[in-house]
Amino acid sequence: MPVQLLKIIKGKSETPLPSHLQKEDLKHLEEGFDHTNKYFQGIVILTYPLTKLGDGTDFFKVVLQDLDNLCSRIKSINILIYGKMAEDCAKVIRHGDTFVVAGFKLAKSPTAREDGRHGCHLEVSEEAGSAIYSVAPKYVYTPLNRLKDGTVVNLYGVVKFFKPPYVSKGTDYCSVVTLVDPSNVKLTCTLFNGNLDSLPKIYKVGDIVRFHRVKIREYNGQMQGITSVGFASLTFDGTVGAPLVPRTSSKVYTFMDEEQKTIEELRVWAASNLSVSGPVVKLSGVQPMLFFDLTCQLVGKAKVDGSSFLLKVWDGTKCPYVTWKVPVEARDLEGEKVLLHQLQNLTVDILVYDNHVQLAKSLKIGSFLRIYSIHTKQASADDKNVSHLEFHLHGGTCYGRGIGVLPESNPDVKELKAFLESVDLAGSQSMESMSSVELDGTFNNITDLESHLQRCQQLSVTVLTDHQDLNNTELKTILNSAAPQQYRIRAKLRTYKPQKLYQSIKLHCSKCNSLQEVPDGDDFDFILQRSAATAPNPELHNTSWYDSVMWTTQDQKQRKIAIHFVKHDEMLQEPEDTLLMIEG
DNA sequence: TTAGGGTTTG
């Protein structure tokens with residue numbers, strides 16, 4: 001392993017440097033000496049972007065400073081890293097980190113005169129048998145009651161509140177996390193990252209986090225945490241006795257005995273000092289007018305309109321209420337048709353709005369979700385005697401409203417999966433009983449059409465919210481009545497006009513008062529061709545609503561082209577805002 | 001930059 005991590009372990013012992021290596025001072029790095037068994041240790045003061053050399057080899061340059069010789073004239077040295085090792089190092093080496101370089105080649109530095117660094121540089125690569133070790137820094141963690149404005153700190157905390165990552169109005173995902181610790185001080189952190197995976201993987205209140213490099217600022221008289229460069233987090237289950245498996249996106253992290261102890265202490269403290277959240281709600285336990293978190297599996301999804309999106313989910317239990325079915329086009333519904341049909345009595349439709357739509361669209365069918373702060377609402381359909389229960393995930397992020405994707409390794413997911421597998425679907429309809437209309441949304445034969453018509457005669461699912469005071473009247477009765485009257489009807493839409501939106505507008509001739517259709521694409525091409533064949537009529541130039549200019553082309557045809565600059569409020573606009581009409 | 005915890009009104 002070219003980049004080894006010194007002191008970074010998952011077990012208990014520390015990884016020592018190979019015993020044959022001896023430390024070398026910066027001042028003893030000279031050409032002509034044997035450095036085979038020597039290593040150089042320094043702190044990263046500068047890194048350059050990873051680049052490729054002319055022959056395609058990866059190249060990464062860092063500058064290390066020798067902390068033992070800060071009084072010397074020369075304090076730093078260039079390290080040139082080649083090949084795979086360059087790529088590996090670029091991922092983990094950060095400004096301020098301490099690294100050990102061994103198995104290097106010493107060569108004259110061509111830039112020493114300009115950069116004022118050591119006269120030689122160190123060249124390292126996997127091929128040359130070099131090794132770079134990262135020395136885990138000793139992190140200091142600040143209790144939440146000792147935070148100072150303008151500092152960058154490392155801290156531990158128990159999650160008291162959180163908003164799962166959501167798409168911010170800027171360029172990043174945002175997650176808001178409120179922490180508490182035994183100092184009984186609360187800190188709200190606003191965390192941003194363009195990569196969803198780089199934000200803390202918090203699934204429930206009570207989880208324990210370790211944040212590195214959080215910037216502290218004062219906001220509205222209170223301390224606030226915000227992501228700073230190099231922000232990294234570990235998240236642990238907050239349950240006393242649960243396995244200590246950190247959730248993180250960092251490729252490398254330190255986690256030693258001491259830190260294990262901190263997590264265990266925080267778990268014990270939280271168990272008696274943090275108010276526990278309410279009981280877990282399953283679909284079988286929902287009630288109207290409830291805000292709850294649901295752990296479930298995604299079975300289907302569909303676009304509804306620009307500001308809402310449908311998620312069909314199940315948790316293996318049956319909701320005791322008649323649940324709302326959001327009407328969507330069959331072709332818009334994504335998911336396994338057979339499964340959707342089999343689970344139709346167990347899935348519920350959750351309509352998510354506004355800022356949650358983007359995230360909802362990206363969810364994969366079959367994934368396990370925790371949807372936070374779903375709102376249940378009882379509503380009545382056309383027939384006032386039948387009411388149903390609606391599930392909404394309203395817009396905004398109040399009270400942590402949002403959607404989180406849980407990994408299959410999550411204990412709650414494991415439990416849910418086992419439960420879902422045990423659910424008896426025998427009572428559900430089999431695939432054979434499904435019509436091909438339901439399977440692919442098209443009519444293949446007359447039987448399909450008939451079954452479709454039958455379904456049209458069932459109760460409609462669209463809820464009219466207006467004119468509830470009027471009873472439905474048959475079309476026959478209306479046709480036999482004298483106008484004007486007010487009616488409310490329930491009917492199947494057979495056809496409508498205009499079929500195209502542009503047909504709502506007609507062309508009107510003020511001279512002969514005739515009305516004409518706006519030409520469609522093909523007709524329009526024809527009109528333009530005809531117009532190009534005849535010269536522009538000068539009598540129609542320079543009217544009150546446009547100014548006209550005419551050119552004659554230089555080619556043999558000597559074609560006359562007129563351009564009319566349309567005025568706005570009798571004024572000519574800026575060229576880029578002007579509507580032009582071209583003739584000829 | 002974004003949001004800066006404290007439920008939509010579909």
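Throughout, protein chains are lettered first and strands after them, A, B, ... in sequence-line order, and every chain is numbered starting at 1.
A:Lys204 and A:Asp412 are joined by a salt bridge, as a carboxylate oxygen and a charged side-chain nitrogen come within less than 4.0 angstrom of each other.
To the nearest angstrom, P of B:dT8 lies 10 Å from NE2 of A:His356. One can place CG of A:Leu310 at 18 Å from P of B:dG10, the figure rounded to the nearest angstrom. When the P atom of B:dT8 is taken as reference, atom NE2 of A:His375 falls 10 Å away, rounded to whole Å. Look at CZ on A:Phe391: it is 19 Å from P on B:dT9, rounded to the nearest Å.
Scanning for side-chain hydrogen bond (donor to acceptor under 3.5 Å, both in side chains) contacts around A:Ser373 gives an empty result, with sequence neighbours left out. Partners of A:Lys52 under the salt bridge (charged side-chain N to carboxylate O under 4.0 Å, His left out) rule, at least two apart in sequence or in another chain, are A:Asp58.
Using a 4.0 Å heavy-atom criterion, one finds that A:His392 contacts no nucleic acid atom at all.
Annotated as syn: B:dG6, whose glycosidic dihedral is within 90° of 0.
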Can you build the contact string for nucleotides 2-7 of chain B? Use B for base contact, S for sugar-phosphate-only contact, and - for no protein heavy atom under 4.0 Å.
BBBBBB
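Applying the salt bridge (charged side-chain N to carboxylate O under 4.0 Å, His left out) test to every pair with at least one member in residues 180-200 of chain A, sequence neighbours left out, gives these pairs: A:Asp197-A:Lys201. The list of ring pair (Phe, Tyr, Trp, His ring centres under 6.0 Å) pairs with a residue in residues 162-181 of chain A, not counting sequence neighbours, reads A:Phe162-A:Tyr372.
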Acceptor/donor pairs from residues 395-406 of chain A side chains to any protein atom, 3.5 angstrom cut, sequence neighbours excluded:
| residue | atom | partner | partner atom | Å |
| --- | --- | --- | --- | --- |
| A:Thr397 | OG1 | A:Lys163 | NZ | 2.7 |
| A:Arg401 | NH1 | A:Gly395 | O | 2.3 |
| A:Arg401 | NH1 | A:Gly396 | O | 3.4 |

